[in-house]
There are 2 protein chains.
Amino acid sequence: MTTIRDVAKDAGVSAATVSRVVNGLLGYSEETRQRVEEAVLRLNYETDFMARGLKTRQTSVIGLLAPMVSDALASEVMRGVEEAAREHGYAVMLGRTGSQSVFIDGYLRTLRTYRAAGVILISAVITQEMRQLLGPNIPVISVAISDRSGPPSVSIDDERAAYDATRHLLSLGHQRIGLLAGDPTSIYVAHPRQRGYERAMSEAGRTPVVAHGTFFYDSGAPGLDDLLRQEPNLTAVFAVSDEMAAAVVNELQERGRRVPDDVSVLGFDNTSTSQHVHPPLSTVAQPLEDMGKTAVNKILRARDLGPRIMPHSIISRGSTSPPHQ
Amino acid sequence: MTTIRDVAKDAGVSAATVSRVVNGLLGYSEETRQRVEEAVLRLNYETDFMARGLKTRQTSVIGLLAPMVSDALASEVMRGVEEAAREHGYAVMLGRTGSQSVFIDGYLRTLRTYRAAGVILISAVITQEMRQLLGPNIPVISVAISDRSGPPSVSIDDERAAYDATRHLLSLGHQRIGLLAGDPTSIYVAHPRQRGYERAMSEAGRTPVVAHGTFFYDSGAPGLDDLLRQEPNLTAVFAVSDEMAAAVVNELQERGRRVPDDVSVLGFDNTSTSQHVHPPLSTVAQPLEDMGKTAVNKILRARDLGPRIMPHSIISRGSTSPPHQ
DNA sequence: TTGTACGCGTTATCAT
DNA sequence: ATGATAACGCGTACAA
């Protein structure tokens with residue numbers, strides 16, 4: 001390992017001067033710069049992040065915490081985070097929060113002792129205790145979830161997006177539209193989406209039909225069953241995740257109903273899952289990768305607080321059409 | 001920030017003693033231990049990883065490099081890595097290698113300066129230059145790819161798995177079986193799988209029918225087209241990734257052929273994708289999560305070199321059946 | 001069993 | 001413009 005002192009000796013200057021040259025600060029002559037840079041190259045010197053972190057009390061590490069590290073939504077966000085972080089010379093430290101956020105405390109402690117530059121939370125919001133654990137100097141950003149009263153976040157307007165999506169189905173001519181909603185404990189995501197749906201339905205003078213799932217694939221088939229029990233003649237199902245929507249498409253076909261001829265299906269998130277079913281899912285797109293990048297940029301510009309609302313859009317693929325008469 | 005000296009002062013001992021207690025070493029009385037532990041709790045002391053790393057020249061960081069951070073196979077491995085790392089008190093640093101491994105050099109440098117305990121490469125093998133960049137002290141493990149001549153790796157026996165899978169289709173009664181192979185540049189994954197298929201076919205006296213894809217969804221439909229052009233009466237397609245297999249299922253249905261009644265489809269990897277199509281994919285399972293855990297354990301036991309071959313298995317779901325007469 | 005003293009690599013500060 | 005020095009927080013010989 002080459003140290004800064006080795007370089008200093010080789011170039012015939014002090015360690016302080018080497019540091020100045022390497023970090024592009026002021027205070028050295030052109031000739032000194034040349035000698036130092038030569039020595040750096042010859043000795044293959046590289047800054048030791050540990051030593052720097054010890055001194056500066058900050059490292060170029062961004063913490064990234066997801067409920068599962070293997071679901072499609074988090075994957076898309078992670079991709080954006082990784083890219084933006086890399087471009088700015090930051091490293092990403094990955095953690096799984098677990099379903100009940102059981103692991104999150106440990107990770108926050110770790111990130112504090114590593115002096116992370118910031119923490120990005122996917123599909124989770126920060127609580128008082130979490131803030132405590134992390135200390136006051138590390139910014140936290142939530143992604144894909146909007147607690148607008150709280151700390152900075154990057155998300156779409158879920159209520160508005162669900163409203164627009166329901167209006168879209170209504171404008172296609174559907175009247176009996178079922179909602180496969182999310183986990184009722186998910187107050188910052190499932191609730192606004194349900195509100196958006198209910199508002200659009202009530203404005204159109206239609207009766208809401210609602211069943212609850214978990215956002216995951218497995219809850220799609222039972223959710224559909226619940227909806228059809230309430231209203232056997234549904235012509236459209238709006239599921240608030242692509243996974244549930246995919247399950248609904250497959251279960252409908254299992255029951256001998258065609259998609260979209262008999263029943264239209266609309267998903268949410270525009271993850272890769274939406275392309276894996278047949279017909280491919282129409283869905284409400286969140287710009288997930290972009291949201292990940294935006295979160296990194298927010299951390300790097302620490303003064304940039306407040307919620308950031310990203311645009312949503314509705315993507316029509318094969319799973320929606322006007323209702324068959 | 002509470003330092004080790006604060007604790008020492010509070011407990012009326014020296015910093016050295018605190019360190020011994022905290023790290024569970026020998027050399028202190030029971031009474032001292034009690035006082036120290038009380039002080040640690042009261043002052044909320046936590047070891048500073050930067051300072052420790054500076055001294056010990058090692059950090060509890062494991063580098064995890066994947067070709068994309070958002071594909072289903074890598075996600076499963078990541079899940080296992082995260083879990084095993086967390087259980088052992090290690091943090092995971094995430095990076096994307098990029099399609100041509102363009103970003104890998106930068107990450108290896110970073111991991112060296114962070115003094116990572118080890119590096120896990122998903123679907124990639126290490127080269128001489130990479131080894132150079134990383135220095136001699138950081139172990140590297142490849143996962144889901146088997147360069148048996150090389151450094152430690154954790155993978156299945158791809159050749160044998162493809163052989164077994166092809167035998168499985170043959171034993172169902174299929175005779176005209178097409179292979180949708182992987183990217184021909186993938187010599188450590190695509191090649192062995194193709195060899196396994198060809199060996200099984202030749203042993204059975206059948207003519208191989210092969211088309212090449214990229215492992216990704218988009219290459220599934222053109223690959224099927226290629227296969228059907230070569231042999232219009234295929235009764236089974238073996239695609240060497242679930243993504244391609246899913247695309248094949250969907251494209252077959254698009255063309256009016258039923259799965260599995262007209263054509264059976266067999267995938268590879270048993271990722272979540274295999275459950276998202278209808279009918280769900282029969283597939284060759286790799287124990288991906290387990291492979292991630294195994295890789296972490298290999299790093300923690302540095303002497304544990306050599307390749308580790310994990311068991312594969314064939315999972316029958318709805319997409320395969322005996323051929324229809 | 002316990003404490004002292006030093007070193008790890010960097011950077012801020014102050015002096016020159 | 002440059003240098004000397006003192007932290008930063010921890011772990012560990014070595015001494016007591």
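Predicted model, so just to flag it, every value in this text is computed and none were measured. In what follows, chains are A, B, ... by sequence order, proteins preceding strands, each numbered from 1.
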* Asked: Which is true for A:R5 with a 4.0 Å heavy-atom rule: it touches a base, it touches only sugar-phosphate, or it touches nothing?
  -> base
* **Any pair counted as salt bridge (charged side-chain N to carboxylate O under 4.0 Å, His left out), so long as it reaches residues 64-78 of chain B, sequence neighbours left out** => B:E76-B:R79
* Take B:A15 and B:A51, find for each the nucleotide of DNA chain C with the closest heavy atom, and name the residue whose nucleotide sits nearer the 5' end. => B:A15
* Asked: Any donor-acceptor pair under 3.5 Å joining the side chain of A:K55 to the base of C:dA12?
  -> no
* Phosphate-side-chain proximity, A:T56 and C:dT11, N/O vs OP1/OP2 below 4.0 Å -> no
What's touching nucleotides 1-3 of chain D from the protein side, N or O pairs under 3.5 Å?
| residue | atom | partner | partner atom | Å |
| --- | --- | --- | --- | --- |
| D:dT2 | OP1 | A:S29 | OG | 2.9 |
| D:dT2 | OP1 | A:T32 | OG1 | 2.7 |
| D:dT2 | OP2 | A:S29 | N | 2.3 |
| D:dT2 | OP2 | A:T32 | OG1 | 3.3 |
| D:dG3 | OP2 | A:S14 | N | 3.0 |
| D:dG3 | OP2 | A:T17 | OG1 | 2.9 |
| D:dG3 | N7 | A:R20 | NH2 | 3.1 |

* **DNA chain D contacts among residues 107-118 of chain B, heavy-atom distance under 4.0 Å** => none
* **Under-4.0 Å salt bridge between A:E38 and A:R35** => no
* To do: Decide, yes or no, whether a salt bridge links A:K293 with A:E87 under the criterion of side-chain N to carboxylate O below 4.0 Å.
  => no
* With a distance cut-off below 6.0 Å to the six-membered ring centre and an angular limit of 45° from the axis, does A:R86 pair with B:F103 as a cation-pi contact? -> yes
* Think A:T3 has a side-chain N or O under 4.0 angstrom from the OP1 or OP2 of C:dG9? -> no
* N/O (side chain, A:R52) to phosphate O (OP1/OP2, C:dT11) under 4.0 Å -> yes
* Looking for any heavy atom pair under 4.0 Å, which part of the strands does A:Y45 touch: base, sugar-phosphate only, or nothing? -> sugar-phosphate
